[in-house]
Every structure is written in C-alpha cells, then in structure tokens.
Participant: 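I am attaching a structure below and will ask some questions about it afterwards.
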Number of protein chains: 2
Amino acid sequence: MQDTDIKKAGLKVTLPRVKILQVLEQGDAHHMTAEDVYKTLLDRNDEIGLATVYRVLTQFVDAGLVERHHFEGGQAIFELNRGGHHDHIVCRQCGRVEEFVDETIERHQHAIAEKHGFEIEDHSLIIYGNCIKQDCPHRLD
Amino acid sequence: MQDTDIKKAGLKVTLPRVKILQVLEQGDAHHMTAEDVYKTLLDRNDEIGLATVYRVLTQFVDAGLVERHHFEGGQAIFELNRGGHHDHIVCRQCGRVEEFVDETIERHQHAIAEKHGFEIEDHSLIIYGNCIKQDCPHRLD
DNA sequence: ATGCCTGCAAAGCTTTTGCAGATGC
DNA sequence: GCATCTGCAAAAGCTTTGCAGGCAT
C-alpha cells in the first residue's frame with residue numbers, strides 16, 4: 001500500500017505523490033524517464049507539473065522507494081524499488097529494458113572491490129545490444 | 001603517433017585535434033570530462049573553445065579513438081581508447097577511477113545476453129564505493 | 001493554524017548548433 | 001583554392017530552484 005510507503009519516507013501523502021507512485025507501479029514499462037511519468041499522468045488527465053514529478057522522484061530516490069539509473073542518452077531512468085537488486089540489458093533498437101541477476105557476477109564484483117581497496121557501495125551493470133525478438137519494432141533482419 | 005590516428009579517422013590534422021589527443025594521452029587522470037580537457041588546455045595556454053572540445057571528442061568517439069562513459073553525475077567521461085576493454089571502479093569520496101578486467105564477468109554477460117535473446121554490442125559495468133587508500137583526500141576514518 | 005507541497009516561470013548545467021572567418025592540404 | 005575546421009554566441013535539452021498560493025494534518 002503506497003500511502004504507507006510515502007509516510008514511512010517522512011513525506012505527506014499528497015495526490016501528486018500517490019499518482020506518481022501508481023504510475024511507477026502500474027507502468028508496463030518499469031523503467032521510465034521523468035518525462036515519461038509526466039506524460040503518462042497527462043494522458044490520464046492528472047495535471048501534475050513536470051517540476052513536481054522531478055521533485056517527487058528525487059524524494060522517492062532519497063527515501064529508497066525508487067532507483068535512479070544512468071543509461072546512455074543523458075536522461076535519468078527511474079524504476080520502482082521492488083526489493084531484490086538486479087541489473088539491466090537494454091535494446092538499442094527498440095529501447096526495451098530487461099532485468100537479470102547473476103550471482104557469479106555479483107560475487108566477482110565484491111572480490112574486485114576488495115582487491116582494489118574499495119568498500120563497495122553500489123554498482124551499475126548495463127548490457128547494450130539489439131534484441132532479436134519478434135515484436136522489436138526496429139528489428140534487424 | 002597521433003597524427004596517423006586522426007588521419008585514419010578521416011579528419012584533418014589540426015592543432016586543436018592534436019592537442020586534445022595529447023591531453024588524453026598524457027593526463028594522469030585518464031578519465032576526464034570535456035570541461036577537464038578544456039581547462040587542462042587553458043592551463044597550458046592552448047586556447048581552444050569548449051565547443052571545439054566537445055565537437056572533437058565526439059568525432060574521436062565516432063572514430064573509435066576515444067570512449068565515452070556515463071558515470072553518476074550527469075557529465076560524460078572521456079577516455080583514450082588504448083585497446084583492451086576494461087570496466088571501472090569509482091571512489092565516491094575522492095573521484096579516483098580504477099580499471100579492471102574480469103574474464104568470468106565478461107563470459108557471464110555474453111551468456112546473459114544470449115539467454116535474453118540479445119545480440120550484445122557493448123556493456124558498462126561501474127562499481128561505486130569508497131576507497132580506503134592513504135592518499136584519498138576524503139578518506140573515511 | 002501551520003508547515004509542508006505544488007505550480008509556474010526562471011535559472012542552471014551540460015552539450016549542441018549556426019555562422020563567419022580561419023586553416024590545412 | 002576549396003573544403004573542412006574553429007570560435008563565438010546562441011540555442012537546446014534535462015533538471016533544479018524561488019516564490020506565492022494551496023493542501024494535509
């Protein structure tokens with residue numbers, strides 16, 4: 001239940017916050033730019049300012065409710081934090097984003113950090129490629 | 001020899017291009033923002049416009065001479081392509097960037113791409129943490 | 001009632017682009 | 001000489017911020 005999450009973050013339960021959380025929960029595309037969230041809200045006739053979308057997303061990131069990723073392209077990508085860490089594989093043709101977890105990679109990263117004298121906090125692994133799925137609209141034949 | 005590389009890229013060998021390549025080759029910090037490159041040039045009394053730095057770096061990236069990375073923070077990071085792929089581990093305290101290669105991780109990435117029906121083109125693996133080195137100016141004690 | 005929120009518009013940053021003059025070949 | 005390149009200034013994205021009014025508690 002979203003209201004609880006918002007409260008736990010020390011934030012007031014306001015309409016914009018609830019709606020933004022809903023978009024992130026329901027979106028078929030789990031990975032969205034701030035602009036994507038904004039436009040989705042407009043499509044639903046929820047008129048929420050773009051500045052508010054940015055502000056709220058940042059607050060959610062700070063609260064740990066949402067993750068911010070930096071893919072190619074300069075725009076930040078936001079994703080609801082559903083627990084469970086995962087990495088990403090992105091199709092350069094159609095923009096599709098899929099998630100994966102690989103325990104071996106995770107372990108090796110820790111070993112590498114240790115070897116280099118780093119206390120690991122976080123990591124970002126993004127595989128870029130072309131998906132060869134039937135419905136990739138930019139499919140390479 | 002840089003002139004050859006520039007020519008091979010189909011670009012004229014101009015002073016700005018040679019100087020920018022020199023900065024990337026000689027920089028102790030192998031990972032620089034466009035602004036870093038620009039300021040380094042100014043320090044050497046080479047007055048090259050920031051727009052030119054951006055334009056030339058982009059041309060070098062397109063030519064495969066330079067790599068562009070997207071770390072946290074929004075600014076693109078440029079690095080001379082010295083052959084040999086590697087990944088990065090970044091200290092959030094002091095900004096230090098170290099490089100590493102892990103064959104197991106590389107292999108697993110290919111396996112993951114295949115499993116998801118992607119033709120892998122590229123990938124970006126960045127580990128963020130805090131280095132605990134003697135000379136880290138922001139060292140956590 | 002009060003303090004936290006929102007919307008708007010303006011500003012901030014990084015990066016790109018148009019154009020006139022300069023330069024490499 | 002001619003095409004390509006550079007510098008400047010302006011513009012273009014994305015994101016943040018100041019402020020005045022609005023809303024949750």
Participant: Side-chain N or O of B/Tyr54 versus OP1/OP2 of C/dT16: is the shortest distance under 4.0 Å?
Facilitator: no

Participant: In whole angstrom, give the distance that lies between atom NZ of B/Lys19 and atom P of C/dG24.
Facilitator: 12 Å

Participant: Would you kindly give the CG-to-C1' distance between A/Asp36 and D/dC14, to the nearest whole Å?
Facilitator: 13 Å

Participant: Within this structure, what is the CD1-to-P distance between A/Ile20 and C/dC5, rounded to whole angstrom?
Facilitator: 13 Å

Participant: So which nucleotide from C/dG24, D/dC14, C/dT16 ends up closest to the side chain of A/Gln75?
Facilitator: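 The nucleotide sitting nearest to the side chain is D/dC14.
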
Participant: Under 3.5 Å, is there a donor-acceptor pair linking the side chains of A/Glu106 and A/His85?
Facilitator: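 The answer is yes; a qualifying pair exists.
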
Participant: Using whole Å, what does the distance between atom C1' of nucleotide C/dT14 and atom CE of B/Met32 come to?
Facilitator: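 Rounded to whole Å, this separation is 17 Å.
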
Participant: Check whether any side-chain nitrogen or oxygen of B/Arg17 sits under 4.0 Å from OP1 or OP2 of D/dT6, and answer yes or no.
Facilitator: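 Checking B/Arg17 against D/dT6: at least one side-chain N or O falls below 4.0 Å of OP1 or OP2.
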
Participant: Nearest whole Å is fine: how far is D/dC23 P from A/Leu15 CG?
Facilitator: 10 Å

Participant: Under 3.5 Å, is there a donor-acceptor pair between the B/His31 and B/Glu79 side chains?
Facilitator: yes

Participant: Rounded to whole angstrom units, what separation is found between the CD1 atom of B/Ile6 and the C1' atom of D/dC5?
Facilitator: 13 Å

Participant: Under 3.5 Å, is there a donor-acceptor pair linking the side chains of A/Asp36 and A/Thr33?
Facilitator: yes

Participant: Go through D/dT15, D/dC5, C/dC5 for me and flag the one nearest to the B/Leu11 side chain.
Facilitator: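 Ranking D/dT15, D/dC5, C/dC5 by closest atom to the B/Leu11 side chain puts D/dC5 first.
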
Participant: Please pick, from D/dT15, C/dA9, D/dC5, the nucleotide with the shortest atom-to-atom distance to any side-chain atom of A/Ala51.
Facilitator: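 Selected nucleotide: C/dA9.
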
Participant: Starting at atom CD of A/Gln59, determine the distance to atom C1' of D/dT17, rounded to an integer number of angstrom.
Facilitator: 13 Å

Participant: Base, sugar-phosphate alone, or nothing: which one does B/Ile48 contact when heavy atoms must sit under 4.0 Å apart?
Facilitator: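 Sugar-phosphate, backbone atoms only, no base.
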
Participant: Roughly how many Å is it from NE2 in B/His70 to P in C/dT15, rounded to a whole number?
Facilitator: 9 Å

Participant: Please tell me which of the listed nucleotides, D/dA24, C/dT15, C/dG24, lies nearest to the side chain of B/Lys12?
Facilitator: C/dG24

Participant: Side chain of A/Lys7 only, heavy atoms from C-beta on: which candidate in D/dG7, D/dT25, C/dT6 is closest?
Facilitator: D/dT25

Participant: Between B/Phe78 and A/Val53, which is nearer to the 5' end of DNA chain C once each is assigned its nearest nucleotide?
Facilitator: A/Val53

Participant: Tell me what B/Glu35 touches on the nucleic acid: a base, only sugar-phosphate, or nothing, going by heavy atoms under 4.0 Å.
Facilitator: nothing

Participant: Counting any heavy atom closer than 4.0 Å, what does A/Arg55 reach on the DNA or RNA strands: base, sugar-phosphate only, or nothing?
Facilitator: base

Participant: Under 4.0 Å between a side-chain nitrogen and a carboxylate oxygen: does that hold for A/Asp102 and B/Arg107?
Facilitator: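 No, A/Asp102 and B/Arg107 are not salt-bridged.
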
Participant: Quickly, which of B/Val56, B/Asn81, B/Leu24 forms a side chain to side chain contact (heavy atoms under 4.5 Å, CB included) with B/Val66? Name it, please.
Facilitator: B/Leu24

Participant: For A/Thr14 and A/Gly74, find the nucleotide of DNA chain D closest to each by heavy atoms; which residue's nucleotide sits nearer the 5' end?
Facilitator: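 The residue mapped nearer the 5' terminus is A/Gly74.
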
